[in-house]
Each structure stands twice: as C-alpha cells, then as structure tokens.
Participant: 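Submitted below is the structure of interest, expressed as structure tokens.
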Amino acid sequence: MKRYNPKEIEPRWQKVWHESGIYKASEHKTKPKKYVLEYFPYPSGAAMHVGHVRNYTIGDTISRFNRMRGFNVLHPMGWDGFGLPAENYAIKTGTSPQKALEENTKRFKQQLIQMGFDYDWEREINSTDPAYYKWTQWFFLMLFKRGLAYQKESSQWWCPVDKTVLANEQVENGVCWRCGSTVEKKMLKQWFFKITEYADRLEKDLDDVDWSPSIKTMQRNWIGHSKGMTFTAPVAGTDMQIQTFSAHFEAFTADTFVVIAPDHPFLTELVRGAAEEKKVLKFAKEMTKKRDLQGYTDEEDVEGIFTGRYIDDPVGNGKLPIWVASYALSHYGTGIVKCSVHDERDFRFAKKYNIQLKPVLFPADKEEAEKVRNLEYCYSDMKNGILMEPEVFKGQIAGSLREEIIKYLEDNQLATTHVSYKIRDWLISRQRYWGAPIPIIHCPKDGAVPVPDGQLPVVLPEMESYEPSGDGRSPLARSSEFVNTTCPKCGGQAERETDTMDGFACSSWYFLRFADPHNDEKAFSDEKAKFWLPVDDYIGGAEHAVMHLLYARFWTKVMHDEGIINFHEPFSKLRNHGMILAPDGQKMSKSKNNTIEPGVLITQGYGADSIRLMELFIAPWNQAANWSVEGIGGTHRFLMRVWTLTQEFLEAPEAGSADDAAILRSAHKAIKKVSEDLQNMQFNTAIAALMEYTNELYKIKADQGFAAKIDWRFALTTLLQLLAPFAPHISEELWKDLGKEGSVHISAWPEHDEKYLITDKIQIVVQVNGKLRANIEVPANATEAAIVDAAKADPKVTQHLDKNEIRKTIYVPQKLINFVT
RNA sequence: GGGCGAGUGGCGGAACUUGGUAUACGCGACGGACUUAAAAUCCGUUGGCUGAAUAAGCCUUGAGGGUUCGAGUCCCUCCUCGCCCACCA
C-alpha cells in the first residue's frame, strides 16, 4: 500500500499548482469576486513561527473555500519592507537594507510556499521597490495638494538610542516601542498628515463596516469623540479673550476657577506684563519637562501656579482666577478648562491651593447633600445629581437635562457646542534612511515645492553608512548628490527634503496596489480597483487594531474625495485572530528561545497539512491558544486515517454498488456541517466534523467493508473536497488517486441534500420533571399520542412516575417529552 | 477609573444564533492486540461520588439567588481572570 509521505507529496503539488496557475486571479466577470487579505508581513531576520502562520492559514482556508464555492478569488501576498529593524541591522553589519531584505524576503516566501498557501504570486509587491514607493510618494503629494500634508515645528518624542523621532503611538509608557529606552522631547520641523480633519467620518463610518466589536471600540476610543461646550470669556483688565472647553458642563454655574495647560501655546501671551510673568513661565517650563519625562502617573501629585490673570465669568460668577495646572492637557478641547467643585481633579487642586469652591449639584440624600455643601468630598455624578442652579433647572436631575442645558446655554449666548477629539494629526516624518523619501524640494524662494509627477520616484540613493546623523536629520542629509537639486518652479538652487515617510504610509494603500500591481502609469487602474475592492475578508492581528487600520481608512477616504475610487471604507469585513503562544503560555520570541517553526515540524515528518489543521483546530481562531506539541500528533493521525481509508478502498475488489443509506447519510451530514461552519468561520468545529465523519466511515467499513463501492467513492471524494481548504496537499493527492480529473481545489463545493438526512426512526428524549429518564426510538411519522404512550410504557419512566399523577405533558415535536407530576 | 471579553473534565475545547440528552472532536491517561522489544498503528475505557457491576442512584458548567415543566444558555447580586484605553474635565 502506498504510504503517506508529506515530505514527498507536498513539494510536488506546490510545484504543480505553481506551474498550472490555478490560483491566478483575473478580472473575468462570470463569477462574483472575493478579495481575501492578510496584512502583508515585514520580512524580519528571524524565521516565521507557528504563531505567524496561523494568520495565513485562516486566510488561505477562507480563500480556498470561496474559490470552490464559485467565487473569483483574489488572495495576494507582498512585503512591508521599510522600517527600523532593517536599518538597525544595516548600521550594525554594514550590509545595505536592500540586500538584507532581499534574503529575508526569499526565506519568508519559501516558508509560505512550503505551507501550501494559495497566493497569486504574480501579484507579489514590495513596498521598498521604487516602482511601488513611486506611488506612495504620489499619494503624499496628493495629500499635500489637498492641504492635508503640512510642516510644523513641534515638540516631538525623540528616542536617544534610535536617534529618531517617534509618533505618539510609538511611545509606550514613556519608552520607545522598538528599543525600550526612555524617550525625550525635542523641537523639530516635522511633516504631518491632517487626519484630524477626518475624525468625524472615521468615527461615524465605523457603523458601515462589519468588524469585530472590540476593534471598533478601540478605534472609537482612539478617535475619542466628546461633545461639550465652549465658553468664551474676556481676560479681566486686558483685551484678550480665552475659550474654555468642558464635556461635563451640566453644573456650569459652579465654576470658580480656570486652569490652563503648562505647555499651552497661549500661556506666554496670557501672562505678558503680569506681575507673576517670570515665575509662571519658569514653572510652566519645568512642569512641561517633568510631565514629558514622567508621564501622567502620580494621581495625587497635582501642582499649579496662579497666573495673576482672571476671567470675567460669562455665566455671572464674577472674576475667576486662571491657574496653570499640571493635570491640564493642551491638546484636548481648547486646552483651557473652567473648573468647579464637581470634578475630582479640580476639587483636589482647589483644596490644595485653597481656591474658593461653590457646589450647585447635590445627591438626593439630605445628609449626603449637606456633606457636599460643606465640601467634605467631591460629588461628580452628572447623571443623578440634582441641580440647584440656575433657577430654571432648580431641583431637577442633571443627567436628564443635558440637551435642555445645551439649548439654554446657546439661546442665552453663554456658550457654543463643540466636539473635541482625542486623535491628533499623524506625524509621518522619519529622520531615517530606510523609508520612502518625502518628495518635496525646499527652495529659498518658493518654499516647499512638490517634486513634479514626471520626476517620481525620488529614489533612495545607495549609501556607505546608514548611521543617523544624530542632529535630527536623516542619513540622506549626508549625500550631497541627493540633497542638492534645482527648484521645479524657479529653476534656482534648492535642497531636497531628507525625511522619509513612516512605514504606515506604505501600508495605507497596499491593498489597492494588489488589484493592479504592475501598472507603471498609475497607482492602479480605476476599473481594476473598482473590480476587486473593497477587501471582503481582512484577517489580522490585534496589533493593527488602531494605527494601520485607522491610517488605511484615512487614505481611502482621501482617495474617495479625490475621486479616484468609488468606495470610502477599504475593509468590508475584518476579524482579528488570536495569538498562538508558546507551550509555556508566553509569547513566542527569538530572544526567549521558545519559537516553534513550521520548517522544523516539516523536517520531523508532520507536513504542512497537519500543521495547518492544528493551527485551526487548537481553539476558536479568534482566541489565543498555547501551541501543543502533542496536539499536532492528533491532526497528523487524522490525516493518516484519511489516507489509509482511501488506499484500502482503492485496493478493495470491485463489487456491487448497493445503495447504502448509512454512507450517504454520513456524507450529507458532513457536507452540511462543514459548509455551515466554514461560512461562520468556525474552523475548529469544522475539523471536528471531518474527524467525526472519518470515524463514521471507519465504523461502516468495519461493519460491511467496501461493498457499496459507488457510494464509497462518493463518500471519499466528498471527504477530500471538504478537507481541501484545510489540508490542500493530501486532498489533492488522494483526489488524483481516486482517478478524478483536474484539481480538487477548483472542483465545485459539494451541496448536501436533506433527503439523505431523513431517517425512518427518530430518538425521543423522555424526561420526568425535567430529568432525563429514558431515550426511546419511534417511527419518524409517529403521532404525538403514540409517542406519549410509548414513553409512558418505558420501564424507567414508569419507575419514576411511580404512583404520581401526571399533571402536565410537554411535547417538543421530534425531540422530547417531559412529564410533570 | 472607563470600555470589551471570558470562567465548562487532568488539558485545548463542544453545545450559546433558537432554553430541551452537558462534556462533541482532539490531547493526555489507563487496558488490550501486533512486536523478541520499543516506536508506529489498530481496538476498548476515561466528569465526580456510592457500587462487584459495561445494574441502579445521586451530584456536576466560578459562587449565590430568580424566571421556567425544563437553565451552561435568560434576569439579578457577587467573585476571579484576560485584553484595550486611561490626569480626555
């Protein structure tokens, strides 16, 4: 008998698939399209481990299932090659990032092929290829021309080790996300994308996409919509005005002081000429620095200083002192807040500096209200608290008045509504070599001038050393050949921008390039983008829940506004997979030396098919799981059973072709269950159903051998088709052994027929008082009365009914009887 | 502090959409066949307690209560764990 040898069959079929091109996607319109995508990986120096592989296995299974179901599937793969690790490696070893990446990419690709994934490799892209980043640069200029890319001098996170600026999001608890060193602040001129202009749409359009709730929540939190009121007030004794913002404004007459953030740009002007000017500015500067370095950790330690200025309260509380406070945030709202006793932090601050307070909001309980009146604690319940001021709302519950209070404030011209977002503009400048150069020329006369389309791409020059200059500019600044150029506008001497773009810029449109990867006239043709996009199934890790997904959505909306695409959300359906952890429950990493590589398992003889099954069978795919070293033996054993059964069938003598109800029933049951589970992405139970089906076939074989040859042939080809999306190699090999023409992967997905599932006898569960007492078998067409009689006659039931009278009989058709005594 | 999610055998998990046989499927363990032996493979058994029993009974889905003929599933209270966001007024 032919033996199951994955080492031999898997590479053989991979070659056949590649040569026959069965996974090639084309724009033919005879079938509905389906675009399945996993995030394109960064080809790191370390090998891919089983944790990475899970994501691709999920995408591949979805892709294959849809192809067999009659969809025209696009399932592409590419490389997100820009980024710090390649550059750091280049600095360390002196090899160019281009070269290191080329090797890594080759290895990654080989690993993916080895797993039997059905990528259309003719669409392979690489974000570091000038033919690709030419269009990343083109999009930068599109944003620039639309006023969405701008330069600003600003205080930015600076990593002293990587010698580069970091985005807000790349600072985690005060340390660099890559190297873990403590970050500092540094003033630099930077390029930004104005994502804040799209904040409302980025939030609202989340309603239109089918994403997991947790990711939507994360995006909403990041965007941070809050509706509040802006009060405008004159600064007493000056001709200045300030605007304060508050999202909890219900008790607006309680405000007795104002706080401004220490790093607020208006502060210098505010205190100019005031007696406290020098002292205040010194304090603010120190506080800003301290806050930058420490982060907002110490809740108890609020600090502040009086600015010497007052506002005339627009709601009539007289002169309110303005304080600089350590807890005030310059980027939220207007950066200035009117404060009252009804906020925890304001309360603590006022207590510390003996600022006057005035409660207007009280709990219903009289005793508690008295405590609030005596400033014994901070009462901040804007929902249930009872307002005592102003007169119109006296005695009413604050939470129910929100809309009325807004109307009141607006009608009396005391304040205007204002929506504030937490999200800040996207800093895309990188003072790094290994990124797409920002296509701008700085001219002493004309300022920042876009590189003309005809001169794109601005190609990264080969360099001898990749060390950052350390002065805030990228290594590109050292290449005079690169820097010195002429102004496209006036033709005079000019210098190129030396910053490169954040890698997230490259990944903000790659899913569009897959629709038309070799176009050198355009980023993509309108028709092809229209044909394939948006992505129907996007599978990714939670690590992309905020940054990548938000940026890609932003670019998509800009392109939509520019009129080059006809949709405004890039990913219709998005699900995030759970992580595979090492058997010890820790994250797999090279440094912990606990990674498990598929290549090693393949060498051990398991085969890609067993690994793929294990990736999905181990747990629901969107749930984290520890890799099980023994577990893979189970999926391997299952495949062996499929193999052996098929080979035994082939060796069995040709015999009669009796119609076998048991075989057909098992087969159609399996078709139904596996199809449903695949549509619901319940891979683990789909695999369980395949195992169950195989076990049933083994039992039938033990009972009667392969007598019903025609039905057996149907049962086995069905099994292989159902198995094909999960274990593509073995199913293809056995498909051929069974004499089928063509590839199992482009065969039509089987459909079940209910008529084979109907049996002439059914099982009825009999309960007495809700407890299971018997299991009876009755003809499928038995009447309720007959079933009740049969149930009553069962000795186990009689025993429990005892002499008690049956008060009630509950009958669930075809299923259950419950006697209540 | 805010948000999201989860607690089921020795372990990963199933049943949750629609309240109706809890523990599918796999791992591990135990017993057997094959073998000089081991591995591999095949066949059994495997939630707990009482019991000689593959007789019978009782108990069991984090804890407690409720609704119901019937609750892992619905409702309330509480406990534990995980993830994300957090001086965002």
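Naming convention: chains lettered A, B, ... in sequence-line order (proteins, then strands); numbering from 1 in each chain. Remember, predicted model here, so these are calculated numbers, not experimental data.
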Participant: Looking at every strand, decide which applies to Ile618(A) at a 4.0 Å heavy-atom threshold: base, sugar-phosphate, or nothing.
Facilitator: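 Sugar-phosphate contact only.
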Participant: Just name whichever nucleotide pairs with G44(B), Watson-Crick or G-U, keeping both distances under 3.5 Å, else none.
Facilitator: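 When the pairing criteria are applied, C30(B) turns out to be the nucleotide that pairs with G44(B).
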Participant: Phe245(A) vs Ile336(A), test: side-chain contact (heavy atoms from CB on, under 4.5 Å). Steps then yes/no.
Facilitator: CA-CA 6 Å; Phe245(A) 175 79; Ile336(A) 307 173; over 6 Å; no
Participant: 5'-most contact on RNA chain B: Asn626(A) or Asn695(A), nearest heavy atom basis?
Facilitator: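 Upstream on the strand: Asn626(A).
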Participant: Under 6.0 Å between ring centres, would you say that holds for Tyr379(A) and Phe362(A)?
Facilitator: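 Tyr379(A) vs Phe362(A): aromatic centres not under 6.0 Å.
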Participant: I want to verify a distance call: between C42(B), U21(B), C69(B), whose nearest atom is closest to the Arg641(A) side chain?
Facilitator: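 Side chain of Arg641(A) sits closest to C42(B).
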Participant: Both distances below 3.5 Å, Watson-Crick or wobble geometry, any strand: find the nucleotide opposite U80(B).
Facilitator: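 Per the H-bond distance test, A6(B).
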Participant: With a 6.0 Å cut-off on ring centres, are Tyr353(A) and Trp323(A) close enough?
Facilitator: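 Yes, ring centres under 6.0 Å apart.
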Participant: In whole Å, measure the gap between the P atoms of U61(B) and G10(B) for me.
Facilitator: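 Looking at atom P only, U61(B) and G10(B) are 13 Å apart.
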Participant: What is the distance, to the nearest angstrom, from the CG atom on Asp677(A) to the C1' atom on A15(B)?
Facilitator: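 In whole Å, A15(B) C1' and Asp677(A) CG are 12 Å from each other.
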Participant: How far does the P atom of U17(B) sit from the matching atom of A86(B), given to the nearest Å?
Facilitator: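 35 Å, rounded to whole Å.
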Participant: For Tyr332(A) and A89(B), is the shortest distance between a side-chain N/O and OP1 or OP2 below 4.0 Å?
Facilitator: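 So the side chain of Tyr332(A) is within the cut-off, an N or O lying under 4.0 Å from OP1 or OP2 of A89(B).
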Participant: How far apart are the C-alpha atoms of Phe349(A) and Tyr327(A), what are their side-chain angles, what is the distance that settles it, and do they pass the ring-ring contact (aromatic ring centres under 6.0 Å, His included) test?
Facilitator: CA-CA 9 Å; Phe349(A) 187 77; Tyr327(A) 64 90; 5.5 Å; yes
Participant: Which one, G13(B), A24(B), U21(B), comes nearest to the side chain of Ala619(A)?
Facilitator: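 Side chain of Ala619(A) sits closest to G13(B).
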Participant: For U73(B), give the paired nucleotide (Watson-Crick: N1-N3 plus N6-O4 or O6-N4; G-U: N1-O2 and O6-N3; both under 3.5 Å), or none.
Facilitator: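 Base-paired to nothing in any strand shown.
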Participant: How far does the P atom of C16(B) sit from the matching atom of C85(B), given to the nearest Å?
Facilitator: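 The same atom, P, in both gives a distance of 33 Å.
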Participant: In whole angstrom, give me the gap between the C1' atoms of G7(B) and G62(B).
Facilitator: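 Going atom to atom, C1' in each nucleotide, I get 6 Å.
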Participant: Nearest to the side chain of Leu772(A) - A22(B), C87(B), C69(B)?
Facilitator: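 Looking only at side-chain atoms, Leu772(A) lies closest to A22(B).
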Participant: Using the C1' atoms only, state how far C42(B) lies from C49(B), rounded to an integer number of Å.
Facilitator: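 Taking atom C1' in both C49(B) and C42(B), they lie 34 Å apart.
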Participant: Between Arg637(A) and G28(B), is there a side-chain N or O to OP1/OP2 distance below 4.0 Å?
Facilitator: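 So the side-chain polar atoms of Arg637(A) do come within 4.0 Å of the phosphate oxygens OP1 or OP2 of G28(B), strictly under.
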Participant: What does Gly224(A) touch in the nucleic acid at a heavy-atom separation under 4.0 angstrom: a base, only the sugar-phosphate, or nothing?
Facilitator: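 Gly224(A): no heavy atom of the nucleic acid under 4.0 Å.
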Participant: When you check the glycosidic angle of G28(B), does it come out syn, meaning within 90° of 0, or anti?
Facilitator: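 Anti for G28(B); the angle lies over 90° from 0.
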Participant: For Trp211(A) and Met218(A), what are the C-alpha separation, side-chain angles and deciding distance, and is it a side-chain contact (heavy atoms from CB on, under 4.5 Å)?
Facilitator: CA-CA 11 Å; Trp211(A) 290 18; Met218(A) 279 189 234; over 6 Å; no
Participant: Would you please confirm or rule out a distance under 4.0 Å between OP1 or OP2 of A14(B) and any side-chain N or O of Asn684(A)?
Facilitator: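 Yes, because at least one side-chain N or O of Asn684(A) sits under 4.0 Å from OP1 or OP2 of A14(B).
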Participant: Could you tell me how far apart Met640(A) (CE) and G26(B) (P) are, to the nearest whole angstrom?
Facilitator: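 Going from CE in Met640(A) over to P in G26(B) covers 15 Å.
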Participant: From C-beta outward on Asn221(A), which listed nucleotide comes closest to its side chain: U41(B), G2(B), A89(B)?
Facilitator: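 Side chain of Asn221(A) sits closest to G2(B).
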Participant: Taking only the C1' atom of each, what is the distance from U80(B) to G44(B) in whole angstrom?
Facilitator: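 It works out to 39 Å between them.
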Participant: Decide whether Thr256(A) and Asn317(A) meet the rule of one side-chain donor and one side-chain acceptor closer than 3.5 Å.
Facilitator: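 There is no such pair (donor and acceptor under 3.5 Å, judged by atom type) between the side chains of Thr256(A) and Asn317(A).
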Participant: So what's G1(B) paired with, Watson-Crick or G-U wobble, going by both distances under 3.5 Å?
Facilitator: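 C85(B) - that is the nucleotide pairing with G1(B), both distances being under 3.5 Å.
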Participant: Between A89(B), U21(B), C59(B), which one does the side chain of Val765(A) approach most closely?
Facilitator: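 So the side chain of Val765(A) is nearest to U21(B).
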Participant: Taking the same atom, C1', in C79(B) and in G31(B), what whole-Å distance lies between them?
Facilitator: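 To the nearest whole Å, 42 Å.
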Participant: Can you say whether a donor on the side chain of Asn818(A) sits under 3.5 Å from an acceptor on the base of C69(B), or the other way round?
Facilitator: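 Side chain to base: pair found, below 3.5 Å.
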Participant: Does any donor atom in the side chain of Ser666(A) or Glu696(A) lie under 3.5 Å from an acceptor atom in the other side chain?
Facilitator: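 Result is yes, a qualifying pair exists.
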Participant: Assess whether atom CD of Gln356(A) is packed by more than 12 heavy atoms of other residues, nucleotides or ligands within 6.0 Å.
Facilitator: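 Incorrect, the count does not exceed 12.
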Participant: Side chain of Thr685(A) only, heavy atoms from C-beta on: which candidate in C42(B), A89(B), A15(B) is closest?
Facilitator: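 For Thr685(A), the side-chain atoms sit closest to A15(B).
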Participant: Using atom P in both nucleotides, what's the gap between C59(B) and C43(B) to the nearest angstrom?
Facilitator: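 Going atom to atom, P in each nucleotide, I get 36 Å.
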Participant: By the 4.0 Å heavy-atom rule, please label Tyr421(A) as base, sugar-phosphate, or nothing.
Facilitator: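 The residue Tyr421(A) makes no contact with any strand.
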Participant: Select one nucleotide: of G12(B), G28(B), C84(B), the one nearest the side-chain heavy atoms of Phe617(A).
Facilitator: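 Closest nucleotide to the Phe617(A) side chain: G12(B).
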Participant: Is Arg773(A) touching bases, backbone alone, or none of the nucleic acid, heavy atoms closer than 4.0 Å?
Facilitator: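 It contacts sugar-phosphate atoms only.
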Participant: Of the listed nucleotides (G13(B), C88(B), U21(B)), which one gets closest to any side-chain atom of Gln623(A)?
Facilitator: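 Of the options given, the side chain of Gln623(A) lies nearest G13(B).
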Participant: Between C84(B), A86(B), C25(B), which nucleotide has the shortest distance from any of its atoms to the side chain of Met691(A)?
Facilitator: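 Nearest listed nucleotide: C25(B).
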Participant: Nearest to the side chain of Val337(A), which nucleotide is it out of A89(B), G28(B), C69(B)?
Facilitator: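 Of A89(B), G28(B), C69(B), A89(B) is nearest to the side chain of Val337(A).
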Participant: If U21(B) has a Watson-Crick or G-U wobble mate with both distances under 3.5 Å, name it; if not, just say none.
Facilitator: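 Pair assignment: U21(B) / none.
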Participant: G20(B) base to Gln767(A) side chain: any donor-acceptor pair below 3.5 Å?
Facilitator: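 Check passes, donor-acceptor contact within cut-off.
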Participant: Figure out the NZ/P separation between Lys227(A) and A89(B), and round it to whole Å.
Facilitator: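 Going from Lys227(A) (NZ) to A89(B) (P), I get 15 Å.
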Participant: On RNA chain B, does the nearest nucleotide to Lys815(A) precede the nearest nucleotide to Ala625(A) from the 5' side, or the other way round? Give the residue.
Facilitator: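 It is Ala625(A), whose closest nucleotide lies nearer the 5' terminus.
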Participant: Just call it for Lys771(A): base, sugar-phosphate, or nothing, with non-hydrogen atoms closer than 4.0 Å on any strand.
Facilitator: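 If one applies the 4.0 Å heavy-atom cut-off, Lys771(A) turns out to touch the sugar-phosphate alone, with no base involved.
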